[in-house]
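Report on one structure; see the data block that follows.
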Amino acid sequence: MLQVAFIRENKETVLKGLAKRNVKNAEELVAKTILADEGRRAIQTELDAILAESNKLSKDIGQLFKSGERQKAEILKQKTVQLKEKSKDLTENLQNKATELQELLYLIPNIPNEIVPAGSTEDDNETTFEEGEIPTLHEGALPHWELAKKYDIIDFELGNKIAGAGFPVYKGKGAKLQRALINYFLDKNTAAGYDEVQVPLMVNEASGFGTGQLPDKEGQMYHDAQDNLYLIPTAEVPVTNIFRDVILKEDEFPICKTAYTPCFRREAGSYGAHVRGLNRLHQFDKVEIVRIEHPSKSYEALDSMVNHVKSILQELNLPYRILRLCGGDIGFTAALTYDFEVFSTAQDRWLEVSSVSNFEAFQANRLKLRFKNNEGKSELAHTLNGSSLALPRILAGLLENYQTPDGIKIPKALVPYCGFEIIN
RNA sequence: GGAGAAUUGGCAGAGUGGUCGAAUGCGGCAGUCUUGAAAACUGUUGAGGGUCACACCUCCGGGGGUUCGAAUCCCUCAUUCUCCGCCA
């Protein structure tokens with residue numbers, strides 16, 4: 001959520017940003033928001049004046065009672081009754097206006113960074129980096145879902161029986177490879193200075209609002225209506241919410257956290273081959289990195305996160321590319337996002353394995369995540385997060401790119417974690 | 001799940017209807033003293049709205065109510081602690 005004051009004072013910047021995102025009714029939206037804000041402040045001022053008067057009268061009444069001047073006190077009481085009526089109405093107006101403003105603010109996405117390319121679809125994303133050799137596979141190479149079956153390491157039908165589509169069962173070496181990847185990623189992240197945390201897999205409504213899943217995107221999350229809890233779609237939610245309603249000291253920056261969690265996504269729409277096998281799941285594992293930064297350092301931090309993810313993909317020796325998401329494809333809350341995609345040779349397509357974003361103060365504003373700056377004033381911090389990494393598509397990439405006629409080789413870096421060198 | 005007690009500023013802790021955004025202590029910050037540090041002393045130190053800046057307004061776990069007036073009384077929800085029950 002953007003700060004109203006920012007919108008008020010930087011209307012042109014906001015409109016330009018929204019245009020880049022192809023927000024249709026931007027002009028109207030911003031105008032309405034500014035109007036609601038003005039309305040809110042006008043009512044607030046009026047109400048404050050009445051409250052001030054009524055506070056003063058109440059004090060006077062107190063004095064009069066003490067000095068025994070009951071009659072005078074009674075007269076003042078009459079007056080306050082009228083004020084009370086007025087203030088009641090105004091309070092209600094104020095609440096309505098504040099809600100209206102709030103709802104408008106929820107509709108306005110983050111302003112994209114200058115370097116976010118214009119564009120409307122994923123085709124307009126800008127490839128900023130590409131690395132790694134795309135292997136030439138042997139005759140009869142298979143997509144990962146076939147490999148999974150052939151070596152009996154992932155059972156989609158079994159998961160379907162137990163839960164439903166999109167809930168695979170990992171078996172034998174497949175299960176062990178999962179665990180190896182989790183440990184490997186966590187070790188890489190902690191070695192890079194990220195503190196490991198284990199967090200709840202369910203979150204309350206306030207947390208959902210804090211990171212921007214609510215309102216609006218509740219359809220993407222599994223919801224337990226009885227206790228009003230949501231299964232997390234990503235560790236970003238519980239980890240970032242650690243810092244909800246927190247005022248940091250400037251010397252506490254940077255804050256770097258990493259967490260492994262399963263992630264749960266309802267993913268309403270699905271279509272054909274794109275969701276086959278591991279490509280899109282309702283439950284999947286992911287290791288996440290989250291950073292809380294001083295505003296002046298957040299882009300530096302973003303670069304460092306990108307480089308970190310790079311180093312993992314290099315070590316796994318997977319062919320990958322980095323995309324700078326365009327205005328039409330970037331998430332609602334992000335100011336700048338880099339997607340990492342691994343080339344899945346047998347499917348002949350790129351698979352998104354990581355998304356690294358700077359949210360600037362957008363999340364922090366909702367979270368009320370602030371720090372005391374050197375002038376002693378509270379200021380919103382910047383939040384960032386990224387996957388390092390999402391397991392299923394990495395697994396898909398590994399299975400497909402490392403397949404040989406003799407079996408699937410395990411990358412060197414993972415062998416110590418797996419305890420085996422080949423799946424056959 | 002049952003019974004009882006509690007929830008106040010960074011922390012500890014007073015306040016049980018009027019001038020209380022809140023005593024006091026600790027901590028933090030600034031200064032005095034000191035070659036420097038410590039100690040001592042002095043001052044300062046919650047958040048949000050509002051304003052050019054003040055004024056002013058709101059917030060004592062959340063929500064609602066009583067009252068001219070609520071941290072203080074009532075209702076409700078949440079959380080924590082103690083005891084009992086159940087249980088990885």
Practice task
Considering only atom P, compute the distance from B:G65 to B:A70 and round it to an integer number of Å.
Solution key: 13 Å
Exercise for the section: Specify the separation, in whole Å, of atom NZ of A:Lys59 and atom C1' of B:C56. Expected result: 11 Å
Fill in the blank from the handout: note: A:Leu90, atom CG; B:C57, atom C1'; distance rounded to Å ~ 13 Å
Practice task
Take the protein atom CG of A:Leu248 and the nucleotide atom P of B:G10, then report the distance between them rounded to whole Å.
Solution key: 14 Å
Exercise for the section: Please check if the distance between the ring centroids of A:Tyr106 and A:Phe209 is under 6.0 Å. Expected result: yes
Problem - Counterpart residues, salt bridge (Lys or Arg N to Asp or Glu O under 4.0 Å), relative to A:Arg41 (two or more places apart) - result: A:Asp37
Handout entry: Residue whose nearest RNA chain B nucleotide is more 5′ - A:Lys88 or A:Lys56
Key = A:Lys56
Practice task
Could you check whether A:Leu51 gets within reach of a base, just the sugar-phosphate, or nothing at all, counting any heavy atom under 4.0 Å?
Solution key: sugar-phosphate
Handout entry: Polar side-chain atom of A:His144 near backbone of A:Leu278 as donor-acceptor pair, under 3.5 Å
Key = yes
Handout entry: A:Phe264 ring center near A:His282 ring center (under 6.0 Å)
Key = no
Practice task
Choose from B:U19, B:C68, B:U58 the nucleotide whose nearest atom is closest to any side-chain atom of A:Val81.
Solution key: B:C68
Exercise for the section: Return the value, rounded to whole Å, for the distance between atom CD of A:Glu250 and atom P of B:G28. Expected result: 19 Å
Problem - Protein-to-nucleotide contact annotation, 5' to 3' order, nucleotides 44-54 of chain B [B base; S sugar-phosphate only; - none; under 4.0 Å, heavy atom] - result: ---SSBSS---
Exercise for the section: Report the distance from atom CG of A:Asp245 to atom C1' of B:G9, rounded to the nearest whole Å. Expected result: 15 Å
Problem - Dot-bracket line, read 5' to 3' along RNA chain B, where crossing pairs take [ ] and | marks a partner on another strand, Watson-Crick or G-U under 3.5 Å - result: ((((((((.[[[..)..(.....]]]((((((.......))))))((((......)))).[[[[[..)....]]]]])))))))....
Exercise for the section: Could you check whether A:Thr80 gets within reach of a base, just the sugar-phosphate, or nothing at all, counting any heavy atom under 4.0 Å? Expected result: sugar-phosphate
Exercise for the section: For A:Glu74 and B:G69, give me the distance from atom CD to atom C1', rounded to whole Å. Expected result: 13 Å
Practice task
Check the pair A:Lys286 / A:Phe185 against side chain to side chain contact (heavy atoms under 4.5 Å, CB included), numbers first and verdict last.
Solution key: CA-CA 9 Å; A:Lys286 181 158 65 65; A:Phe185 292 148; over 6 Å; no
Practice task
Answer yes when A:Glu100 and A:Lys97 have at least one side-chain N-carboxylate O distance shorter than 4.0 Å, and no when they do not.
Solution key: yes
Exercise for the section: Output yes when a side-chain donor or acceptor of A:Thr190 lies under 3.5 Å from a complementary backbone atom of A:Leu186, and no otherwise. Expected result: yes
Problem - Whether A:Glu360 side chain and A:Ala335 backbone form a donor-acceptor pair below 3.5 Å - result: no
Exercise for the section: Would you please indicate yes or no on a ring centroid separation below 6.0 angstrom for A:Tyr222 and A:Tyr230? Expected result: no
Exercise for the section: In whole angstrom, give me the gap between the C1' atoms of B:A14 and B:G9. Expected result: 13 Å
Exercise for the section: Map A:Lys84 and A:Gln95 onto RNA chain B by nearest heavy atom, then report which one ends up closer to the 5' terminus. Expected result: A:Gln95
Practice task
Would you indicate, yes or no, if B:U19 has its OP1 or OP2 atom less than 4.0 angstrom from a side-chain nitrogen or oxygen of A:Asn55?
Solution key: no
Handout entry: Spacing of A:Lys368 atom NZ relative to B:C59 atom P, expressed in whole Å
Key = 16 Å
Practice task
Indicate, with yes or no, if the rings of A:His382 and A:Tyr299 have centres closer together than 6.0 Å.
Solution key: no
Practice task
For A:Lys249 and B:G28, give me the distance from atom NZ to atom C1', rounded to whole Å.
Solution key: 7 Å
